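The figures that follow rest on heavy atoms only: side chains count, while hydrogens, waters and symmetry mates do not. Values in this document were obtained by computation on a predicted structure and should not be read as measured data.
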Amino acid sequence: MDSENWRHSVLYLTFLLAILHLTQNLLSHFFLGNETVRIKKHPNLPLRFSSDGTFKILQVADMHYGSGSLTRCRDVLPSEFEFCSDLNTTRFLKRIIQAENPDFIAFTGDNIFGSSAHDAAESLFRAFGPAMESGLPWAAVLGNHDQESTMNREELMSLISLMDYSVSQINPSDDDPTKGGLMTKIDGFGNYDLRVYGAPGSMLANSTVLNLFFLDSGDRAVYQGIRTYGWIKESQLHWLRRVSQEFQGQNQDSLHSTDAISTIKPLALAFFHIPIPEIPQLFYKEIVGQYQEAVACSRVNSGVLQTFVSMGNVKAVFIGHDHTNDFCGNLDGIWFCYGGGFGYHGYGKAGWPRRARIIQAELQKGKNSWMGVQRILTWKRLDDEKLSKIDEQILWQVR
């Protein structure tokens with residue numbers, strides 16, 4: 001090849017590289033906002049108990065995040081803060097994560113306050129920011145206010161499922177491979193089951209020992225001409241029963257030593273936003289915590305409590321929605337616990353600190369290995385100077 005042809009080849013190659021570079025920049029500018037494409041960061045999976053035999057969950061109820069520093073707080077005393085905004089909610093979340101060092105974070109709805117969130121996606125990223133920064137696995141369901149901004153419920157759950165370290169799901173997968181993808185015959189968005197495995201190196205290291213059920217309790221609806229809050233539908237309860245039956249008949253006797261209880265299927269906890277209609281009955285029963293406002297539930301009783309009882313393994317349910325209720329009460333052998341209002345832009349009670357709930361499951365120690373769940377504890381942390389710990393109680397334990 002003579003020098004002239006060589007120069008032409010070099011010029012042609014340079015021209016091609018320039019075109020490729022220009023095309024990449026144009027695509028980035030028009031379709032990606034001139035930002036670098038990044039891949040979702042995933043937590044260490046599967047979820048499992050720690051080597052010390054514990055699995056700790058932080059429940060965050062009703063953050064009601066708005067638009068950040070411009071969104072003012074509600075129901076706080078002038079003496080509490082010189083200036084109060086959504087950033088106080090962010091600070092509380094960071095403090096509680098650092099103090100409790102949970103294994104998992106469960107957000108139980110009204111994560112953002114739609115009417116104050118000018119851009120739903122931006123508000124979601126800000127609200128869940130401390131969870132993503134922590135690198136901990138986390139999951140969320142929707143409340144009745146999340147969809148009141150610029151995204152509908154399906155779009156919200158889709159985005160939440162794609163966020164860093166989120167293990168949230170839009171809906172459960174369909175078992176029928178011919179249908180592909182998500183279940184289509186289930187109401188709502190954000191119905192899914194997360195399975196927690198035994199401690200590393202234990203006999204149950206590859207077995208599910210705790211199920212976490214997440215359910216979409218809806219927002220608002222009209223029933224028989226009357227406007228009411230949403231409720232968990234029969235299609236969702238059917239799915240719950242089906243998942244429960246997957247464990248039915250499994251012989252787990254070999255998973256427990258002779259001094260441990262023999263269980264048919266793993267214990268389960270449930271998380272959703274709107275209380276069920278039986279919760280007001282707890283006003284007349286012994287509770288742990290405070291019952292300070294009327295229960296805002298649906299007029300429709302779809303049989304959630306009866307379904308949980310029939311499943312046999314659901315030991316506790318964690319809800320939100322009523323911010324100044326933070327009690328736990330027992331209905332038909334199942335504990336129902338409010339998280340208590342967490343966020344500063346949601347309504348509260350002046351002088352009554354915002355709070356979070358902690359749930360800790362503990363494994364039973366066998367002769368040579370950690371075994372199944374021995375007990376489930378809960379307590380609350382207040383957003384005061386000392387992050388005060390209150391109302392510790394045992395929800396369930398092996399008898």
Side-chain angles (χ1 to χ4, degrees), residues 54-63 96 100 102-110 141 143 210-215 217 232 267-297 304-309 311-343 346 348-349 352-362 373-384 387-399:
T54 64
F55 186 78
K56 185 188 287 188
I57 301 169
L58 165 62
Q59 181 198 1
V60 178
D62 297 273
M63 280 196 294
I96 195 72
E100 285 287 357
D103 299 293
F104 177 77
I105 307 172
F107 295 93
T108 51
D110 281 0
V141 291
L210 182 67
N211 274 7
L212 307 178
F213 291 113
F214 291 81
L215 294 162
S217 54
I232 295 169
L267 300 185
L269 307 175
F271 300 83
F272 52 88
H273 184 70
I274 298 175
I276 62 173
E278 289 89 349
I279 297 296
Q281 297 174 20
L282 293 171
F283 184 80
Y284 306 99
K285 297 187 178 186
E286 184 177 350
I287 60 173
V288 178
Q290 298 184 58
Y291 193 135
Q292 299 186 115
E293 64 175 299
V295 175
C297 58
V304 175
L305 178 59
Q306 295 92 323
T307 296
F308 285 152
V309 171
M311 289 166 62
N313 63 332
V314 178
K315 302 304 178 185
V317 177
F318 302 93
I319 54 179
H321 192 53
D322 302 323
H323 303 184
T324 60
N325 288 339
D326 73 343
F327 63 84
C328 287
N330 196 292
L331 293 168
D332 294 346
I334 299 174
W335 285 93
F336 285 80
C337 297
Y338 278 99
F342 188 96
K349 182 179 179 181
W352 197 68
R354 265 54 174 190
R355 56 204 58 211
R357 180 171 293 281
I358 311 297
I359 307 113
Q360 180 164 287
E362 300 177 351
V373 177
Q374 180 180 39
R375 66 175 183 172
I376 301 171
L377 306 169
T378 189
W379 61 87
K380 297 187 292 282
R381 289 279 193 177
L382 308 183
D383 190 22
D384 57 15
L387 282 176
S388 300
K389 181 179 180 179
I390 63 169
D391 294 339
E392 184 170 4
Q393 67 178 114
I394 297 174
L395 296 176
W396 178 88
Q397 63 182 341
V398 174
R399 295 179 181 177

request  = Using the test side chain to side chain donor-acceptor pair (under 3.5 Å), find all partners of Q360 that sit at least two apart in sequence or belong to another chain.
outcome  = E362

Euclidean distance, L331 CG relative to E278 CD, rounded to 0.5 Å = 7.0 Å

ask   = How about Q393 and C328: do any of their side-chain heavy atoms sit closer than 4.5 Å?
value = yes

inquiry  = Check this for me, if you would: do K380 and D391 make a salt bridge, where the nitrogen-to-carboxylate-oxygen distance has to be below 4.0 angstrom?
reply    = yes

query = So do V141 and L215 actually touch side chain to side chain, heavy atoms under 4.5 Å?
reply = no

ask   = Distance from L269 atom CG to W396 atom CH2, nearest 0.5 Å?
value = 10.5 Å

query = Are any of the side-chain heavy atoms of I376 and L267 separated by less than 4.5 Å?
reply = yes

query = Does T108 have any side chain to side chain donor-acceptor pair (under 3.5 Å) partners at least two apart in sequence or in another chain, and if so, which?
reply = Q59

request  = First locate atom CZ of F107, then atom CZ of F214, and finally report the distance between them rounded to the nearest 0.5 Å.
outcome  = 10.5 Å

task = Check the pair D110 / H321 against side-chain hydrogen bond (donor to acceptor under 3.5 Å, both in side chains), numbers first and verdict last.
result = CA-CA 8 Å; D110 281 0; H321 192 53; 4.6 Å; no

inquiry  = Tell me if a side-chain donor or acceptor on D62 pairs with a main-chain N or O of F342 at a distance below 3.5 Å.
reply    = no

key: Minimum heavy-atom distance P275-A296, with the two atoms named   = CD-O, 3.7 Å

request  = State, yes or no, whether a side-chain contact exists between I279 and C297 at a heavy-atom distance under 4.5 Å.
outcome  = no

Residue pair A316 / L395: nearest heavy atoms and the distance that separates them = CB-CD1, 4.0 Å

request  = Give, for atom CD of Q281 and atom CD1 of I276, the distance between the pair rounded to the nearest 0.5 Å.
outcome  = 8.5 Å

task = Could you check I359, I57, L58 and say which one makes a side-chain contact (heavy atoms from CB on, under 4.5 Å) with F104?
result = I57

key: Close side-chain approach of F272 to V317, heavy-atom, < 4.5 Å   = yes

ask   = From Y291 OH over to E293 CD, what is the distance, rounded to the nearest 0.5 angstrom?
value = 9.0 Å

ask   = Would you call V288 and F327 a side-chain contact if the rule is heavy atoms closer than 4.5 Å?
value = no

key: Derivation of the side-chain hydrogen bond (donor to acceptor under 3.5 Å, both in side chains) call for W379 and E100   = CA-CA 11 Å; W379 61 87; E100 285 287 357; 2.9 Å; yes

inquiry  = Treating D384 as the side-chain partner and L387 as the backbone partner, does any N or O pair qualify as donor plus acceptor under 3.5 Å?
reply    = yes

query = Less than 4.0 Å between a side-chain N and a carboxylate O, is that true for R355 and D383?
reply = no

query = Do F336 and L305 come close enough that some side-chain heavy atom pair is under 4.5 Å?
reply = yes

request  = Could you tell me whether the side chain of R357 and the main chain of Y338 form a donor-acceptor pair under 3.5 Å?
outcome  = yes

query = Is any side-chain heavy atom of V60 closer than 4.5 Å to a side-chain heavy atom of I105?
reply = yes

ask   = Distance from T324 atom OG1 to W352 atom CH2, nearest 0.5 Å?
value = 6.0 Å

